[in-house]
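Computed from a predicted structure; not experimentally measured. This chain uses plain numbering: 1 for the first residue, then up along the sequence. Worth knowing before you read on, the calculation uses all heavy atoms, side chains too, and leaves out hydrogens, waters and symmetry mates.
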Amino acid sequence: MRVLVAGGAGYIGSVVTAALLQGGHEVTVLDDLSTGHADAVPSGAGLVQATLHDSAPVLADVRPEAVLHFAAKSLVGESQVKPEIYWDTNVTGTLALLEAMRAVDCRRIVFSSTAATYGEPESVPIREDAPTRPTNTYGASKLAVDAMLTSYAAAHDFAAVSLRYFNVAGAAYGLGERHTTETHLIPIALQVAAGTREALTIYGEDYPTPDGTCIRDYIHVADLADAHLLALTAPAAGEHRIYNLGNGTGFSVQQVVDAVREVTGHPVPVVVGQRRAGDPAQLVASSDRIRADLGWTPKHTELPDIVRDAWETARARR
Ligand code: UDP
């Protein structure tokens with residue numbers, strides 16, 4: 001299929017681009033390179049530097065049969081102090097992309113949604129029919145796009161899938177996380193193991209969990225990429241499907257730190273700090289729906305395997 005990958009120079013977008021190329025698809029990446037890296041775009045794909053707001057001429061030129069949409073601002077903390085950036089890029093930027101799609105009669109889309117659309121869960125594992133009450137602007141902006149897709153499917157015959165990611169980690173095709181502002185646990189812990197950061201601050205150890213630290217569902221980026229390829233052809237015109245993507249097992253911050261120590265063989269000094277505002281004690285996905293509908297099964301569910309892939313890819317870059 002001829003596909004356009006919006007945000008294909010970022011961590012997840014570049015891995016999915018590599019998987020699409022391996023699956024025989026023809027890929028053009030659209031990315032404004034505000035947070036992505038041109039050298040992360042796999043060599044078999046084209047790259048056009050443009051924002052979502054300026055995507056119309058790119059779609060008119062590429063004439064894609066489907067779009068995979070990863071382009072977004074994704075820092076929770078920043079979204080609370082600069083919400084305008086999140087409404088502008090994530091919401092009105094996506095609206096411009098959907099209109100650019102409609103103009104060239106391209107109506108198939110896979111969208112990167114997030115567990116942050118649910119907010120504080122009433123129960124775990126979280127299913128797709130759980131209430132959506134985001135606790136930050138980032139989650140609210142992604143939820144707005146999910147709603148947009150529901151209405152574009154109903155009114156304009158879009159075939160759409162929203163994939164709600166839990167904690168994406170690991171690396172594939174030599175591509176891993178390379179954020180200028182790094183906020184995620186595993187890359188930070190690996191930087192401490194590598195000696196490029198002094199210590200890891202554990203944000204609270206007084207949560208109601210077995211070891212007192214927060215529990216998250218870490219999904220390997222290669223498993224996430226598999227889900228995108230399955231989702232690409234799944235919906236019919238007029239259908240918007242929503243699927244959670246997690247590995248179904250929760251790991252605590254302490255377990256992640258232990259895995260990083262074990263895999264790297266390096267010390268990881270930790271400091272216990274205050275809780276981070278808005279962090280629920282536990283976020284674990286039920287991915288039963290995508291397993292049942294699309295036959296998706298995660299292959300890399302062990303924490304040390306996820307950490308090892310991230311470590312080896314980060315080390316190869318140094
Ligand atoms: N965390 C931590 N120290 C850090 C970064 C993260 O203790 O330097 C914790 C954070 O409180 C959360 C978990 O690690 O419980 C995962 O955080 P991350 O930012 O990676 O992903 P999130 O779950 O917020 O999307």
Exercise answer: donor-acceptor pairs, residues 206-215 side-chain atoms, under 3.5 Å, sequence neighbours excluded:
| from | atom 1 | to | atom 2 | distance (Å) |
| --- | --- | --- | --- | --- |
| Asp206 | OD1 | Arg275 | NE | 3.0 |
| Thr209 | OG1 | Gly212 | N | 3.0 |
| Thr209 | OG1 | Thr213 | N | 3.1 |
| Thr209 | OG1 | Thr213 | O | 2.7 |
| Asp211 | OD1 | Thr213 | N | 2.9 |
| Asp211 | OD1 | Thr213 | OG1 | 2.7 |
| Asp211 | OD2 | Ser252 | OG | 2.6 |
| Thr213 | OG1 | Val253 | N | 3.3 |
| Thr213 | OG1 | Gln254 | N | 3.2 |

Item checked: Leu143 side, atom CG; Thr137 side, atom OG1 - distance, nearest 0.5 Å -> 12.0 Å
Notebook entry, point to check: side-chain contact (heavy atoms from CB on, under 4.5 Å) between Arg261 and His266: does it pass, once the steps are laid out?
Noted result: CA-CA 6 Å; Arg261 288 178 178 144; His266 291 295; over 6 Å; no
Item checked: Ser141 to Asn90 - nearest heavy-atom pair and separation -> OG-ND2, 3.1 Å
Margin query: Does either side chain, that of His69 or that of Thr94, offer a donor lying less than 3.5 Å from an acceptor on the other one?
Written below: yes
Next item on the list: Report yes or no: do Val145 and Val76 belong to one cluster of Ile/Leu/Val/Met/Phe/Trp/Tyr joined by side chain heavy-atom distances under 4.5 Å?
Entry: no
Notebook entry, point to check: Considering all heavy atoms of both residues, which atom of Val3 and which atom of Leu232 are nearest to each other, and what is their separation?
Noted result: CG1-CD2, 4.3 Å
Note to self: Ignoring hydrogens and geometry beyond distance, is a side-chain donor-acceptor pair present between Tyr152 and Glu99 at under 3.5 Å?
What the structure shows: yes
Under 3.5 Å, sequence neighbours excluded: what are the donor-acceptor pairs made by side chains of residues 51-61?
| from | atom 1 | to | atom 2 | distance (Å) |
| --- | --- | --- | --- | --- |
| Thr51 | OG1 | His53 | N | 3.4 |
| Thr51 | OG1 | Asp54 | N | 3.2 |
| Thr51 | OG1 | Asp54 | OD2 | 3.4 |
| His53 | NE2 | Asp88 | O | 3.3 |
| His53 | NE2 | Asp88 | OD1 | 3.1 |
| Ser55 | OG | Leu52 | O | 2.7 |

Notebook entry, point to check: Are the side chains of Val257 and Val270 in touch, meaning some heavy atoms are under 4.5 Å apart?
Noted result: yes
Note to self: Using side-chain heavy atoms (C-beta onward) and a distance below 4.5 Å, is Asp288 in contact with Arg127?
What the structure shows: no
Item checked: Thr301 side, atom OG1; Ile219 side, atom CD1 - distance, nearest 0.5 Å -> 10.5 Å
With a 3.5 Å cut-off and sequence neighbours excluded, list the donor-acceptor pairs that the side chains of residues 154-161 form with protein atoms.
| from | atom 1 | to | atom 2 | distance (Å) |
| --- | --- | --- | --- | --- |
| His156 | ND1 | Arg102 | NH1 | 3.4 |

Check: Within a strict 4.5 Å, meaning less than it, do heavy atoms of the Leu20 and Leu68 side chains meet?
Finding: yes
Check: Rounded to the nearest 0.5 Å, how far apart are CE of Met101 and CD1 of Ile109?
Finding: 4.5 Å
Checklist line | Over all atoms of both residues, closest heavy-atom pair of Thr117 and Pro134 | finding: O-CD, 3.3 Å
Note to self: With no hydrogens and no angle check, just 3.5 Å: does a side-chain donor-acceptor pair link Asn247 and Tyr218?
What the structure shows: no
Check: Where the side chain of His37 meets the backbone of Leu33, is there a donor-acceptor pair that is under 3.5 Å apart?
Finding: no
Note to self: Does atom CZ (Arg289) have a neighbourhood of more than 12 heavy atoms from anything else shown, all under 6.0 Å?
What the structure shows: yes
Note to self: Can you confirm if the aromatic rings of Phe111 and His240 lie within a centre distance of less than 6.0 Å?
What the structure shows: no
Checklist line | Backbone of Ala9 reached by a side-chain donor or acceptor of Asp31 within 3.5 Å | finding: yes
Check: Is any side-chain N of the basic residue among Asp146 and Arg164 closer than 4.0 Å to the acidic one's carboxylate O?
Finding: yes
Notebook entry, point to check: Is the shortest distance from a Lys or Arg side-chain nitrogen in Glu122 or Arg133 to a carboxylate oxygen in the other one below 4.0 Å?
Noted result: yes
Note to self: Check for me, please, whether Val168 and Tyr173 land in the same ILVMFWY cluster - side-chain distances under 4.5 Å, paths through other members count.
What the structure shows: yes
Margin query: When you measure from the side chain of Tyr11 to the backbone of Ala169, do you find a donor-acceptor pair of N or O atoms at a distance under 3.5 Å?
Written below: yes
Notebook entry, point to check: Are Tyr138 and Glu78 linked by a side-chain donor-acceptor pair shorter than 3.5 Å?
Noted result: no
Next item on the list: Please indicate whether Glu84 has more than 12 foreign heavy atoms, meaning atoms of other residues, nucleotides or ligands, lying under 6.0 Å from its CD.
Entry: yes
Checklist line | Smallest separation among heavy atoms of Ser287 and Asn244, with atom names | finding: OG-O, 3.5 Å
Check: Under 4.5 Å between any side-chain heavy atoms of Thr28 and Val48, yes or no?
Finding: yes
Checklist line | Donor-acceptor pair, side chain of Glu65 and main chain of Arg2, under 3.5 angstrom | finding: yes
Note to self: Test your reading of the model: is there a side-chain donor-acceptor pair from Asp226 to the backbone of Pro298, 3.5 Å cut-off?
What the structure shows: no
Margin query: Can you confirm whether His228 sits close enough to Leu224 that some side-chain heavy atom of one is under 4.5 Å from a side-chain heavy atom of the other?
Written below: yes
Note to self: Any carboxylate oxygen within less than 4.0 angstrom of a Lys/Arg side-chain nitrogen, looking at Arg241 and Glu239?
What the structure shows: yes
Checklist line | Smallest separation among heavy atoms of Gly248 and Val284, with atom names | finding: O-CG1, 3.7 Å
Check: Under 6.0 Å between the ring centres of Tyr165 and His220?
Finding: no
Notebook entry, point to check: When you measure from the side chain of Thr313 to the backbone N and O of Ala310, does any donor-acceptor pair fall under 3.5 Å?
Noted result: no
Item checked: Partners meeting side-chain hydrogen bond (donor to acceptor under 3.5 Å, both in side chains) with Glu26 (sequence neighbours left out) -> none
Notebook entry, point to check: What is the distance from atom CZ of Phe70 to atom OG of Ser14, rounded to the nearest 0.5 Å?
Noted result: 9.0 Å
Checklist line | Pair Lys299 + Asp305, salt bridge at N-O below 4.0 Å | finding: no
Checklist line | Side-chain heavy atoms of Leu163 within contact of Ile290, under 4.5 Å | finding: yes
Margin query: Determine whether a donor-acceptor pair (N or O, by modelled atom type, separation under 3.5 Å) exists between the side chain of Asp217 and the backbone of Ala285.
Written below: yes
Hey, can you pull the donor-acceptor pairs under 3.5 Å for the side chains in residues 196-204, sequence neighbours left out?
| from | atom 1 | to | atom 2 | distance (Å) |
| --- | --- | --- | --- | --- |
| Thr196 | OG1 | Gln191 | O | 3.2 |
| Arg197 | NE | Gln191 | OE1 | 2.8 |
| Arg197 | NH2 | Gln191 | OE1 | 3.0 |

Notebook entry, point to check: So, Lys142 side chain and Ser112 main chain: donor-acceptor pair closer than 3.5 Å or not?
Noted result: yes
Check: If you round to the nearest 0.5 Å, how far is CG of Leu283 from CZ of Arg216?
Finding: 4.5 Å
Next item on the list: Indicate yes or no: at least one non-hydrogen side-chain atom of Asn167 is less than 4.5 angstrom from one of Phe251.
Entry: no
Next item on the list: Using the rule that two of Ile, Leu, Val, Met, Phe, Trp, Tyr join whenever any of their side-chain heavy atoms come within less than 4.5 Å, decide whether Leu4 and Leu47 are in one cluster.
Entry: no
Notebook entry, point to check: Are Lys73 and Thr35 side-chain neighbours, meaning at least one heavy-atom pair lies under 4.5 Å?
Noted result: yes
Margin query: For Pro280 versus Glu120, what's the shortest heavy-atom pair and its separation?
Written below: CB-OE2, 3.6 Å
Next item on the list: Using modelled atom types only, decide if a donor and an acceptor are shared between the side chain of Arg291 and the backbone of Ser286 within a distance under 3.5 Å.
Entry: no
Item checked: Results of ring-ring contact (aromatic ring centres under 6.0 Å, His included) for Tyr86 - residues two or more places apart only -> none
Note to self: Between Gln274 and Arg276 (side chain of the first, backbone of the second, donor and acceptor by atom type, cut-off under 3.5 Å), is there such a pair?
What the structure shows: no
Next item on the list: Could you state whether Leu149 and Ile242 fall into the same hydrophobic cluster, counting links through intermediate Ile, Leu, Val, Met, Phe, Trp or Tyr residues with side-chain heavy atoms under 4.5 angstrom apart?
Entry: no
Next item on the list: Rounded to the nearest 0.5 Å, what's the gap from CZ on Arg308 to CG on Leu303? Could you check?
Entry: 10.5 Å
